[in-house]
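Data block below; observations after.
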Amino acid sequence: MVAGRVVSDAPIAIFDSGVGGLTVMAAIAKRLPQERLVYLGDTARLPYGTKSAETVTRYAVQAARALMRFEPKMIVVACNTVSAVALPVLTAAYAPIPVVGVVEPGARAAVAASRSGVIAVIATEGTVRGGAYVRAIHALKPDAQIVQRACPLFVALAEEGWLSGPVPELASEQYLKDLFASGNAPDALVLGCTHFPLLAAPIARAVGAGVVLVDSAETTAIEVERLLTERNQRRDAAAAAPKFLGTDAPERFARVGSLFLGARIEPAQVELVDLTP
Ligand code: DGL
């Protein structure tokens with residue numbers, strides 16, 4: 001152990017509207033394998049992306065509250081829609097526990113990736129409507145030109161495991177081709193939704209070579225590591241098994257979640273919880 005480092009055995013609590021946020025959990029687990037991770041997917045109420053900011057905020061507060069029994073040292077909001085609309089409410093409610101969202105790290109990665117300053121953001125309707133990515137990118141690069149598009153069908157395709165073949169190819173072309181056809185086309189595309197990295201291949205083909213796809217999972221994991229280090233809260237012990245909580249059908253959580261996590265989840269590992277007060 002490094003001298004002066006405080007060992008914090010408390011877990012990092014991660015939540016999402018469903019299993020999509022397991023891509024963020026995978027990035028955190030890869031970067032910080034010694035940390036204890038607890039993941040909650042509100043699978044019974046997915047999607048959040050088509051719901052109002054008020055409803056999403058209420059659901060997010062309920063999810064965070066359910067995770068408090070684990071006494072986490074940090075909350076990671078692995079959902080773009082929640083990060084876009086509810087982060088200030090969660091931050092105020094759970095201070096001094098830090099609440100990390102995925103929008104700001106994604107915006108930082110996009111600004112770093114774009115040479116032209118023309119950046120496209122694809123996300124759910126809720127994230128696009130709230131404009132959080134536009135604000136976060138402009139805060140870092142005020143002269144950035146940003147185009148946004150809601151691609152709600154990608155969520156359903158990823159949930160079904162339809163990651164290749166004619167349907168995702170056609171959906172990607174239909175949603176994206178025209179955005180990248182103009183003379184002033186973006187050179188970076190933010191995958192501003194947990195589910196979209198799984199469709200990176202058809203998306204990349206639709207937007208063409210030379211466009212960098214930005215996935216916020218990795219940059220969020222870097223931010224988690226930075227904060228833990230700054231707060232002397234790194235866990236310095238052997239890796240612990242992750243814990244999974246879902247609000248519906250553990251079998252489906254395990255089957256679809258394994259795709260997102262990139263590792264097998266057994267239904268018996270998923271605890272069923274009820275978030276309604
Ligand atoms: N987790 C959501 C997000 O990243 C996508 C799924 C949903 O709409 O709930 O925006």
Side-chain angles (χ1 to χ4, degrees), residues 13-28 39-64 67 75-87 90 99-107 109-110 120-136 148-163 168 171 175 189-200 203 213-221 244-249 252-253 256-257 259-261 275:
I14 306 166
F15 78 91
D16 177 36
S17 55
V19 292
L22 288 166
T23 53
V24 178
M25 182 175 184
I28 295 172
Y39 182 94
L40 167 62
D42 190 6
T43 40
R45 301 191 290 196
L46 175 120
Y48 283 8
T50 50
K51 298 187 170 74
S52 69
E54 292 72 27
T55 298
V56 171
T57 303
R58 182 158 44 87
Y59 288 178
V61 168
Q62 290 170 355
L67 286 163
I75 301 170
V76 178
V77 179
C79 175
N80 289 261
T81 307
V82 174
S83 301
V85 305
L87 212 60
L90 292 170
V99 181
V100 178
V102 288
V103 169
E104 220 270 321
V121 178
I122 55 172
T124 63
E125 286 166 38
T127 301
V128 166
R129 203 183 324 117
Y133 270 105
V134 176
R135 285 192 298 280
Q148 295 197 94
R149 180 152 296 169
C151 304
L153 199 58
F154 284 162
V155 173
L157 289 174
E159 286 279 324
E160 282 302 311
W162 282 16
L163 310 179
Y175 274 139
L189 172 64
V190 179
L191 305 179
C193 173
T194 47
H195 288 56
F196 296 0
L198 269 74
L199 293 158
I203 290 171
L213 302 194
V214 176
D215 168 2
S216 56
E218 181 59 28
T219 37
T220 301
F244 302 100
L245 310 174
T247 54
D248 193 25
R252 185 178 166 85
F253 186 116
V256 184
L259 265 180
F260 284 84
L261 187 63
L275 302 184

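Numbering starts at 1 and runs along the sequence shown. Just so you know, ligand 1 is whichever comes first in the structure, and atom 1 is the first atom listed for that ligand.
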Short side-chain donor-acceptor distance under 3.5 Å, T124 and T127: yes

Atom pair CG (L199) and CG (L213), whose distance is rounded to the nearest 0.5 Å: 11.0 Å

R149 with E125: basic N within carboxylate O range, under 4.0 Å: no

Side-chain donor-acceptor pair present, R129, Q148, cut-off under 3.5 Å: no

Residue pairs fulfilling side chain to side chain donor-acceptor pair (under 3.5 Å) with at least one residue in residues 14-28, sequence neighbours excluded: none

Mutual orientation of the aromatic rings belonging to F154 and Y175 [parallel < 30°, tilted 30-60°, perpendicular > 60°]: perpendicular

Run through all N or O atoms in ligand 1 and write down each protein N or O closer than 3.5 Å, as a pair with its distance.
from     : atom 1 : to   : atom 2 : distance (Å)
ligand 1 : 1 (N)  : D16  : OD1    : 2.7
ligand 1 : 1 (N)  : S17  : OG     : 3.1
ligand 1 : 1 (N)  : T194 : OG1    : 2.9
ligand 1 : 4 (O)  : N80  : N      : 3.0
ligand 1 : 4 (O)  : N80  : ND2    : 3.2
ligand 1 : 4 (O)  : T194 : N      : 3.0
ligand 1 : 4 (O)  : T194 : OG1    : 3.2
ligand 1 : 8 (O)  : Y48  : N      : 3.4
ligand 1 : 8 (O)  : G49  : N      : 2.8
ligand 1 : 9 (O)  : S17  : OG     : 2.6
ligand 1 : 9 (O)  : Y48  : N      : 2.7
ligand 1 : 10 (O) : T81  : N      : 3.2
ligand 1 : 10 (O) : T81  : OG1    : 2.6

